[in-house]
Every structure is written in C-alpha cells, then in structure tokens.
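Following: one structure in structure tokens, then a few remarks.
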Amino acid sequence: MMFAKSPFLPIGMAVIVTALIAAAMVACGGVSTNSNIQTGGGGGGTTNLGAVQNPAPLSACPAGEWFQYTDTAGTNHPMNCVSATLTSCPNVGDLAFTYGYLSPSGIISGPVKGVIVYFDGGDGTQPVAKGSPDAAAMVQYYFQQGYEIVEIAWSSAWEASNNPFPSGTFGNIQAAACRPATFLSYVDTNIYQPVFQANPTAGMCAHGVSAGSTQILYSMTYYGAAKFLDNVELISGPVLSDIEQGCEEPPPANVTICPAGQYGCQLGSGSSWSLPPTYLAGNATSVGSWTNDNSCAVPSTTTTPASNTRWLQQSIVDGGVNNPTYNYPNTAMAAWLCRSVLNPNNVDCTTNYDGKVCPNNSTPQAQIFYSQITQSNSPPVYKVVAVDQCDSSEGSPNGNVGGPTGPLGQIAIEQDMAGGTGVTAQCFHRPH
C-alpha cells in the first residue's frame, strides 16, 4: 500500500473515474457554477452524501501535475480548473479541493465517449503523482481515445475525517469517504449527464491506483456509486480493505492472493501468492494520523481491542456493521495486482526494505476486498489479474500481465478501459 510519495514507496493510490461531458457544456465554458450544488445519491449502504459548494472557475490550474494535451499542430490544451468546498458529510469536516476537466470535443475527432476522473494515490492532494509517467501516459491514452478527463486534488488528506481532530476523538475513514463519493455524484450529475444526453452510449467510469482505488470502492460499497459507474480499473488496491489487519499487533497471518478456486482470478502462467496485510512503517504512520490512533502497526506492541474494533468498523470490508454492498450488477471491474517485483540486486526485503524492489501490503489488502466477489454477485465483467516483474511494489502498469513474458500492464489496463486494436472498451454505458 502506498500512502506517502517517496523514493521508497511506489506511487500507489490513484483513481480515474470515467464520465461523459456533453459538447453543450463545453460550448458553455464548462460545468455549472451554482454556488451550492447538492449531490444526489444514496444506496449501497445507509450513509448520506455531502454537497459541493461554491465552485469557482480558476484562471489557470494551480501548481501540480494537471493533465494537458498538445495536439498535432503543437497547440497546448490545458485543463479547466475549478475550486470548491466539500461540505455536509455527516460527522466529517469541510474540505476544500480543486478539480480539473478537459473535453476532447473539438480536439479529438469523433464523439465524446466518456469522462475519466483520476484520483491520485496517498492522501489525494496531487492530481497525478509526480514521477508517475505511466499514470500520465494512461490519462493521455484515454483522452486520445475520446474520453474527457477529470482530475481532483484535495487540500489535505481526504482520509482524515477532521483536521484537526477534536480532543479525545478518533478518525473514521469510511465516513471521510463521503467526500470522494460526493464528488463522483457531482461529476455524474453535472458533467456526465449532459454528455450522456448527447451520446447515449457514453460511459461513466473510474480508474484508481492504491488509495485512489480505495476512494472508488468506498464510494461503491457505502455511498451508491455503483448505481452510475459503468467500469472501474483498480490498480494495486484497495489498500484499506481491512484496516484492523493492517494495524493490529501482534500482526495477523499472511493473506493468500487468488487461492485455488477464487472467482475471477487470472493468474496466467503463475500461481497464487501470500503476503502480510500489515501496513509498512510509513503507511502505518499515515493510517495512524488519519484514524487519530498512532498505535497502528507499531512492532513489539499489542493493540487494544478498542483500537482493533474501530479500525475494522471503518474498513471497506467492515464485517457488515455499516451495511456494505458487494453487489455491482452493472459496473464492470478489473483489478491489477503485483505478484512479483523486479529486484535485480537481490535486496533483502526483510532487513533492508525498499518499495522499489520489494512487495508491500497492497495486494493482500486488495485480496480481502476481492474475496467478497463471487459468481453469485459478479459484476458484468470481472477479473483480478496477476502482474509479474512490476517495477515497484505497486507498479503493475510497468509489469507483465500473467507472467514474465506477458503484455505490458499499462497497455492491458488502458485498453481494457478505453479499447484498442481488437480490444473492446469496457467504458460504455450500461443500464442502471
């Protein structure tokens, strides 16, 4: 699991949500700027959504790796950026954010096929993580295929339900996930729907990496986003499937990823593999700060039953406490998980851990979620894909699908979403 962005931690947590944006909206200069836009939604649980308030177009996007496209004539097309505040999530503080959007209408020939909203990894404060060329390349591919791109950067960690926390209280990441869920609902209502009216085959989809995929799956499991999302691509995540197993001490047993008979697993020439779900030091510090419980994964300690219970009950797989749904009958789903990591210098990952060459907890945490999907509640298209020779612990886009000689992960992922030669795009409208 990648929370912090550092040379030793793969960029992991990012998400892309795909939606269609109508040419009519582009002609009018973008999305609505109504000062208090209440998002709809519900379903997939009992939790209410919040509201996107005071959206204000910016003259230029702020500093960061915002998507921009340079056409064949050399003309640069930057994103249109909007500042806003996410409010009214129950028991969660307000949080400012910026989002950007760029439609291919008038730039790429053909109808707009969809909009892709990208959620970055870690704390979500970057639109696309620096040093992540594969993420930037996939975003560009989606755009060139005719999909509108939407990106978001939170002003501080979206996972922290309050900042600062009131004295004597703890955080709740599941409650804080109302924020990305509300944003997705806002995109669906204010960006996608007009495009869908112009092109009834247009899809509303999402692509997420590590904690970015976590934003998507909290939204689907507890906040009803599966009612409008048509396809999701999930890279090295979700990483918060069972926070108790990530934090508890003494640590739990290893988790086997794609054990024999698990529905949807595509192992290629390899087999199942096992790894500990415990969060590594930097990631544990992040989870401790988000939950306001710094006892998370401190070696040679024993976490309290109270801490373990709080962590479990705010997880994606929370034991059923908060009415999760793992039934997504109209949302295609593909997960891409690193089975092996390139380690050319044979670094000892036990004594000298380096996220560039050693596996981490992203795949066992992801397995905890994907084990909830069976043939009886399967999405219309569903696969959990093993990727070998990843270039970092969460670098499945730069690994090989199904085995050392398999196709490049990046190509497989982007074509699964947006299509390619001989490959049908999964991002298209499905009846909901």
Side-chain angles (χ1 to χ4, degrees), residues 1 3 12-17 39-52 85-95 97 99 117-125 152-163 165 170-188 206 208-229 232 234 237-244 246 286-287 289-292 310-326 328 331 365-366 368-369 372:
M1 164 177 65
F3 293 118
M13 305 176 176
V15 181
I16 300 177
V17 178
T39 59
T46 59
T47 312
N48 295 323
L49 293 177
V52 173
T85 303
L86 202 299
T87 71
S88 305
C89 284
N91 303 310
V92 173
D94 295 351
L95 186 62
F97 68 96
Y99 72 92
V117 178
Y118 178 93
F119 288 98
D120 192 33
D123 58 12
T125 57
I152 183 170
W154 302 103
S155 60
S156 63
W158 69 267
E159 297 95 336
S161 50
N162 286 283
N163 186 13
F165 290 100
F170 296 94
N172 188 322
I173 299 174
Q174 189 183 107
C178 169
R179 293 162 172 162
T182 298
F183 179 67
L184 286 179
S185 181
Y186 171 86
V187 171
D188 177 59
V209 180
S210 193
S213 58
T214 297
Q215 295 188 64
I216 293 174
L217 290 176
Y218 268 122
S219 300
M220 292 175 61
T221 303
Y222 293 97
Y223 295 94
K227 292 183 176 180
F228 55 80
L229 286 173
V232 294
L234 306 165
V239 293
L240 299 173
S241 296
D242 188 330
I243 301 170
E244 179 186 10
S286 294
V287 175
S289 68
W290 300 336
T291 61
N292 204 28
R310 282 193 299 270
W311 287 324
L312 175 63
Q313 292 183 354
Q314 61 186 290
S315 302
I316 301 177
V317 181
D318 71 349
V321 172
N322 294 312
N323 301 313
T325 180
Y326 306 110
Y328 316 118
T331 305
Q365 281 286 328
I368 294 167
F369 173 81
Q372 306 302 307

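Side chains included, hydrogens not; waters and symmetry mates left out as well; all remaining heavy atoms used.
A donor-acceptor contact shorter than 3.5 Å is absent between the side chain of E159 and the backbone of I173. Judged by distance alone, the side chain of D123 and the main-chain N or O of S156 form no donor-acceptor pair under 3.5 Å. Of the possible polar contacts, one joining the T182 side chain to the G50 backbone as a donor-acceptor pair under 3.5 Å is found. T331 places a side-chain N or O within 3.5 Å of a backbone atom of A226 that can act as its donor or acceptor partner. Side-chain N or O atoms of S241 include none that pairs as donor or acceptor with a backbone N or O of V317 at under 3.5 Å. Remark: side-chain polar atoms of T221 are not paired, donor with acceptor, to backbone N or O of Y218 under 3.5 angstrom.
Residues satisfying the side-chain contact (heavy atoms from CB on, under 4.5 Å) criterion with F97, sequence neighbours excluded, are V52, A84, L86, Y99, I152, W154, F183. The side-chain contact (heavy atoms from CB on, under 4.5 Å) test applied to T87 returns A51, Q53, T85, D94, not counting sequence neighbours. Listed by chain and number, the residues in a side-chain contact (heavy atoms from CB on, under 4.5 Å) with S315 are D242, I243 (sequence neighbours excluded). With sequence neighbours left out, N162 forms a side-chain contact (heavy atoms from CB on, under 4.5 Å) with F165, P166.
Summarising the geometry, atom CG belonging to N172 is positioned 12.0 Å from atom CG belonging to N292; distances are rounded to the nearest 0.5 Å. In this structure, CH2 on W158 lies 12.5 Å from CG on D120, to the nearest 0.5 angstrom. Note that OG of S185 and CG of L229 are 10.0 Å apart. Values are rounded to the nearest 0.5 Å. For the atom pair R179 CZ and S88 OG, the distance stands at 12.0 Å (nearest 0.5 Å). Here CG of N322 is found 4.5 Å from CD of Q174. Values are rounded to the nearest 0.5 Å. The distance from atom CG of N323 to atom OH of Y222, rounded to the nearest 0.5 Å, is 9.0 Å.
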### Task
Report the C-alpha distance between M220 and V232 in whole Å, list the side-chain angles of each, state the deciding distance to 0.1 Å, and finish with yes or no for side-chain contact (heavy atoms from CB on, under 4.5 Å).
CA-CA 10 Å; M220 292 175 61; V232 294; 4.1 Å; yes
message: Apply side-chain contact (heavy atoms from CB on, under 4.5 Å) to residues F369 and T214 and explain how you reach the verdict.
response: CA-CA 10 Å; F369 173 81; T214 297; over 6 Å; no
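Residues R310 and T291 fail the side-chain proximity criterion, which asks for heavy atoms closer than 4.5 Å. At a threshold of 4.5 Å between non-hydrogen side-chain atoms, the residues L184 and Y223 do not count as touching. Contact check for P324 versus D318: side-chain heavy atoms found under the 4.5 Å cut-off.
Here the closest heavy-atom approach between residue C178 and residue P90 is recorded as SG-CD, 4.3 Å. Of all heavy-atom pairs between S219 and P180, the closest is OG-C, 3.8 Å. Taking every heavy atom of both residues into account, L95 and A157 meet most closely at CD2-O, 4.4 Å. A176 and A160 make their closest contact through CB-C, 4.3 Å (heavy atoms, listed as atom of the first residue, atom of the second, distance).
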